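Below: the structure, in structure tokens.
Both backbone and side-chain heavy atoms feed into the values below; hydrogens, waters and symmetry mates do not. All values derive from a computational prediction rather than experimental measurement.
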Protein chains: 2
Amino acid sequence: MNIGEAARRSGLSAKMIRHYEAEGLLTARRLANGYRDYAEADIAVLRFIRHARALAFPLEDVRRLLALWRDRHRASADVRRIALDHVAALEAKAEAMQAMARSLRHLAAHCHGDARPDCPILDELEKLP
Amino acid sequence: MNIGEAARRSGLSAKMIRHYEAEGLLTARRLANGYRDYAEADIAVLRFIRHARALAFPLEDVRRLLALWRDRHRASADVRRIALDHVAALEAKAEAMQAMARSLRHLAAHCHGDARPDCPILDELEKLP
DNA sequence: CCTTGACCTTCCCATAATGGGAATCCCCAT
DNA sequence: ATGGGGATTCCCATTATGGGAAGGTCAAGG
């Protein structure tokens, strides 16, 4: 199967499939003409990657998750730790963003938002510690 | 004032100050020897940038906010719109991240997390749509 | 006068993940 | 044989930040 069809079947772009290969997440067989050739098992790998990326796992984590996925003797504890570490990172970033959003929303609530120039948002950006 | 002292006074790194200048956020006077020379007003600008960046405004937004800040005839509505658009972006990203975190936490809760290999996290990554 | 150390300058590279695009090659159908 | 659609590789851009090299500058001290 061509990379184009593999892309359609996996939901990834051909560009990204090549990228993941360059990053060592999979290795595609090559035909005599140099074209990559994908089997069903490869599609499963590509879909796995897509799902992991949809959950924002960094490629480094995806690499480890794939290794565990392929390893029948893995310990589920290892998978769980990767996932929970990632959850913690996601939540930390999300909380940081919401704190910024709250702060800005608060400032915006006190801003007239009309033609007048005075603006607590600019005041705050000017004065903060 | 040297870039080193400007860095100390503004809380930015010298590297970033040069970068912001390259990005057109400010223009520093030069001494005869080529060194950048900063006045008090420049420090205020640099601190403004730092505060805006601390709220995760992208440099493009910082550029616009600075322009409004310098414009005494600005309309506070313009500032407010930039801020609220940014708030919306922050909240959207934060919500997306928390949705992923919730989803993963849920999966992790059903994972034994011991030496056994079976793991709903991997199952889900394998099976998702 | 010369050295040393602490600055400063510019330029290149790297990060993470993705996409755009060029130049070139391949295959199949007309 | 020719054209269209795909494939290949390689380079570049994105965002914000930092590392580091090579070289210029300045002030203090021997």
Side-chain angles (χ1 to χ4, degrees), chain A residues 1-39 42 46 48-66 82 85-86 89-90 92-93 96-97 100, chain B residues 1-39 42 46 48-66 82 85-86 89-90 92-93 96-97 100:
Chain A
M1 174 188 340
N2 267 350
I3 197 173
E5 199 185 337
R8 262 170 260 124
R9 298 271 310 275
S10 66
L12 294 168
S13 69
K15 208 96 190 212
M16 280 300 100
I17 295 178
R18 290 191 196 100
H19 180 60
Y20 296 146
E21 181 178 344
E23 290 296 312
L25 271 64
L26 44 18
T27 42
R29 241 170 17 104
R30 298 297 184 119
L31 298 176
N33 59 13
Y35 284 21
R36 289 171 180 81
D37 184 43
Y38 298 91
D42 297 318
L46 291 172
F48 184 99
I49 296 174
R50 178 166 68 83
H51 300 150
R53 285 294 305 139
L55 290 169
F57 279 104
L59 285 197
E60 194 48 48
D61 284 8
V62 179
R63 190 194 317 277
R64 290 189 212 118
L65 289 171
L66 268 175
I82 293 175
D85 285 357
H86 179 49
L90 283 173
K93 271 191 207 167
M97 284 189 193
M100 297 186 264
Chain B
M1 179 185 341
N2 266 351
I3 198 173
E5 198 184 339
R8 262 169 259 124
R9 298 270 310 275
S10 65
L12 294 169
S13 69
K15 207 97 189 212
M16 279 302 99
I17 296 178
R18 291 191 196 98
H19 179 60
Y20 295 145
E21 181 178 344
E23 291 297 312
L25 272 64
L26 44 18
T27 41
R29 246 174 6 110
R30 298 297 184 121
L31 298 177
N33 60 13
Y35 285 21
R36 289 171 178 82
D37 184 43
Y38 297 91
D42 297 318
L46 292 172
F48 183 99
I49 296 174
R50 178 166 68 84
H51 300 150
R53 284 295 303 140
L55 290 169
F57 279 105
L59 283 197
E60 194 48 50
D61 284 7
V62 179
R63 190 194 317 276
R64 290 189 213 120
L65 289 170
L66 267 175
I82 293 175
D85 286 356
H86 179 49
L90 284 173
K93 271 190 205 167
M97 284 189 192
M100 298 188 262

Subject >> Bounds of contact between DNA chain D and chain A, in 5' to 3' order, using a heavy-atom cut-off under 4.0 Å >> reply: D/dG6 to D/dT9
Over all atoms of both residues, closest heavy-atom pair of [X] and [Y]:
X: A/L46; Y: A/A6; result: CD1-CB, 4.2 Å
X: B/E23; Y: B/R63; result: O-NH1, 2.6 Å
X: B/L90; Y: B/A56; result: CD2-CB, 4.2 Å
X: B/Y20; Y: B/L59; result: CE2-CD2, 3.6 Å

Find the distance between [atom1] ([X]) and [atom2] ([Y]) and round it off to the nearest 0.5 Å.
X: A/I82; Y: A/D61; atom1: CD1; atom2: CG; result: 6.0 Å
X: A/I17; Y: A/I49; atom1: CD1; atom2: CD1; result: 8.5 Å
X: A/H86; Y: A/L55; atom1: NE2; atom2: CG; result: 6.5 Å
X: B/H51; Y: B/F57; atom1: NE2; atom2: CZ; result: 13.0 Å
X: B/L65; Y: B/E60; atom1: CG; atom2: CD; result: 10.5 Å

**OP:** Mind listing the residues from residues 53-64 of chain A sitting with a heavy atom below 4.0 Å of DNA chain C? Number order is fine.
**Re:** A/R53, A/P58, A/L59
Subject >> Note: A/E21-A/R30 ion pair, threshold 4.0 Å (strictly below) >> reply: yes
**OP:** State whether A/E5 and A/R8 are salt-bridged, where the test is any N-O pair (Lys NZ or Arg NE/NH1/NH2 against Asp/Glu carboxylate O) under 4.0 Å.
**Re:** no
**OP:** Sequence neighbours left out, what passes side-chain contact (heavy atoms from CB on, under 4.5 Å) with A/D42? Give chain and number order.
**Re:** A/Y38, A/A39
Original post:
Could you run down nucleotides 21-30 of chain C 5' to 3' and tag each one B, S or - for protein heavy-atom contact under 4.0 Å?
Top reply: B----BS---
**OP:** Apply the test side-chain contact (heavy atoms from CB on, under 4.5 Å) to residues A/R50 and A/R53: give CA-CA distance (whole Å), side-chain angles for both, the deciding distance (0.1 Å), then the verdict.
**Re:** CA-CA 5 Å; A/R50 178 166 68 83; A/R53 285 294 305 139; 5.8 Å; no
**OP:** Rounding to 10 degrees, work out the angle separating the end axes of the helix from C/dC1-D/dG30 to C/dT30-D/dA1 (five pairs an end).
**Re:** 50°
**OP:** Kindly state which residues belonging to residues 17-31 of chain B come within less than 4.0 angstrom of DNA chain D, counting heavy atoms of the residue only, listed by number.
**Re:** B/H19, B/Y20
Original post:
Rounded to the nearest Å, what distance is computed from the NZ atom of residue B/K93 to the C1' atom of nucleotide C/dA17?
Top reply: 13 Å
Original post:
Under a 4.5 Å cut-off applied to non-hydrogen side-chain atoms, are A/K93 and B/K93 in contact?
Top reply: no
**OP:** Find out whether A/N2 and A/Y35 are in side-chain contact, i.e. whether some heavy atom of one side chain is under 4.5 Å from a heavy atom of the other.
**Re:** yes
